Amino acid sequence: MPELPEVETVKESLKVHLIGQKIKEIYAPYPKIIKMDLSDFKKKMINQTFRDINRYGKYLFFIFDDYTLVSHLRLEGKYFIRNALNELTKHEHVVFKLDNNKFLSYHDVRKFGTIELVDKGKEFTLFSVKKLGVEANQINTDNIELIDKFKRANRPIKSVLLDQTIVTGLGNIYVDETLFRSKINPEEIASILSVEEIKTILKNAKIVLDKAIKLGGTTIRTYQSSLGVDGRFQNELKVHTMAGKPCPVCNTIIKKIRVGGRGTYYCPSCQPRKKI
DNA sequence: ATCTATGCCTGGTGGC
DNA sequence: TGCCACCAGGCATAGA
């Protein structure tokens, strides 16, 4: 599942292929991915040239002459560069034909991903984007307002860290890893954590994300390689997906539970509940 | 205002 | 082997 480091990796690897390319045609075998009328979308996009690719949190922004295409990969979205249409496989839902006769193809088994189009420069007025909090790898831990949001949240710390309106960029994998490094139990109610503990969590979120970006993200549960998302951070995972295996710190068996509906991995010994 | 439950989707898995 | 129920989960939305 693409989180901030994976989206960053996708952004960087796509730049090489796309910047300067013009869109000649669009095919959309499953147009529901595109959150506007397909003929409008085609009319606007055709003859637009890729000028840049940006990212905020888990959102990708493809910058064109007049528009910004906002793409969220959700759980399984991937982009491929194809040399010919006969290379397309199942689940490639939106395909852009480029100037160089190659194709940019959006692949998404679960069909949860989204593509939206806004006037250039208006990406931060989009409903979903404008609510996003500060990026989890760009946090100033002296941000009193942010600490205060944690202190006022009466729900598990894991749920707070997954709330993109508070901090953005973390998903299920990196939250588990961040809490393990911080020795905080994922079910702990955020409001009972001390300011120091919250700062520790935020510092560790940055450390985890920065390291994952360096390693090109995490690749788990993928059955085919995809452009830009074959990372190496899966070799660094301490608890996520490690249920039944010994904790790398204390050898206690890693447990899997559900927190806020999410599969959650932690070490019961390194991450005990606080005694009040 | 906060928090939780549900729907969107398909492929993989485990039970029979 | 096949059928089926169930699970995985980011985010929008509805509901408590």
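Chain identifiers are assigned alphabetically (A, B, ...) following the order of the sequence lines, protein sequences preceding nucleic acid strands; residue numbering begins at 1 within each chain. Just so we're clear, the structure is a prediction, and the values are computed from it rather than from any experiment.
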Checklist entry - Separation of A:Lys32 atom NZ from B:dC8 atom P, in whole Å? => result 8 Å
Item to check | Interatomic distance, A:His91 NE2 vs B:dT10 P [rounded to whole Å] | outcome: 8 Å
Checklist entry - With a 4.5 Å limit on heavy-atom distance, are the side chains of A:Leu73 and A:Tyr106 in contact? => result yes
Checklist entry - What nucleic acid atoms does A:Lys158 come within less than 4.0 Å of, heavy atoms only: base, sugar-phosphate, or nothing? => result nothing
Checklist entry - Where the side chain of A:Asn154 is defined as all heavy atoms beyond and including C-beta, which of C:dC7, B:dC3, B:dT10 is the nearest nucleotide? => result B:dC3
Item to check | Pair A:Gln234-A:Thr218, side-chain donor/acceptor within less than 3.5 Å | outcome: no
Checklist entry - Which residue, A:Ala153 or A:Arg110, contacts DNA chain B at a nucleotide closer to its 5' end, judged by nearest heavy atom? => result A:Ala153
Checklist outcome for this item: Between CZ of A:Phe150 and P of B:dC3 the distance, given in whole Å, is 12 Å
Next on the checklist: Regarding A:Asp108, tell me which of base, sugar-phosphate or nothing describes its non-hydrogen contacts under 4.0 Å with the strands shown.
Outcome noted: nothing
Checklist entry - With A:Ser71, which residues qualify under side-chain hydrogen bond (donor to acceptor under 3.5 Å, both in side chains), at least two apart? => result A:Tyr79
Checklist entry - What integer distance in Å separates A:Leu60:CG from C:dG10:P? => result 16 Å
Checklist entry - Just how far, in rounded Å, is P of C:dG10 from CG of A:Leu161? => result 13 Å
Item to check | Counter-base of C:dT1, judged by Watson-Crick or G-U geometry with both distances under 3.5 Å | outcome: none
Item to check | Reading 5' to 3' through nucleotides 11-16 of chain C, protein heavy-atom contacts under 4.0 Å coded B for base, S for sugar-phosphate only, - for none | outcome: BSS---
Checklist entry - Phosphate oxygens OP1/OP2 of B:dG11: is one of them under 4.0 Å from a side-chain N or O of A:Lys90? => result yes
Item to check | Interatomic distance, A:Arg155 CZ vs B:dA1 P [rounded to whole Å] | outcome: 14 Å
Item to check | A:Lys111 NZ - B:dC8 P separation (whole Å) | outcome: 13 Å
Next on the checklist: Is it the case that the side chains of A:Glu12 and A:Thr9 hold a donor-acceptor pair, with the cut-off being a distance below 3.5 Å and no angle test?
Outcome noted: no
Checklist entry - What is the distance from CD of A:Glu3 to P of C:dG10, rounded to the nearest Å? => result 7 Å
Checklist entry - Between the side chains of A:Asn204 and A:Thr178, does any donor sit under 3.5 Å from an acceptor? => result no
Next on the checklist: Quiz question: by atom type and distance under 3.5 Å, do the side chains of A:Thr264 and A:Lys158 form a donor-acceptor pair?
Outcome noted: yes
Next on the checklist: Quick check on C:dC7: is either OP1 or OP2 less than 4.0 Å from any side-chain nitrogen or oxygen of A:Lys256?
Outcome noted: no
Item to check | Plane angle bin for A:His93 and A:His91 - parallel if under 30°, tilted between 30 and 60°, otherwise perpendicular | outcome: perpendicular
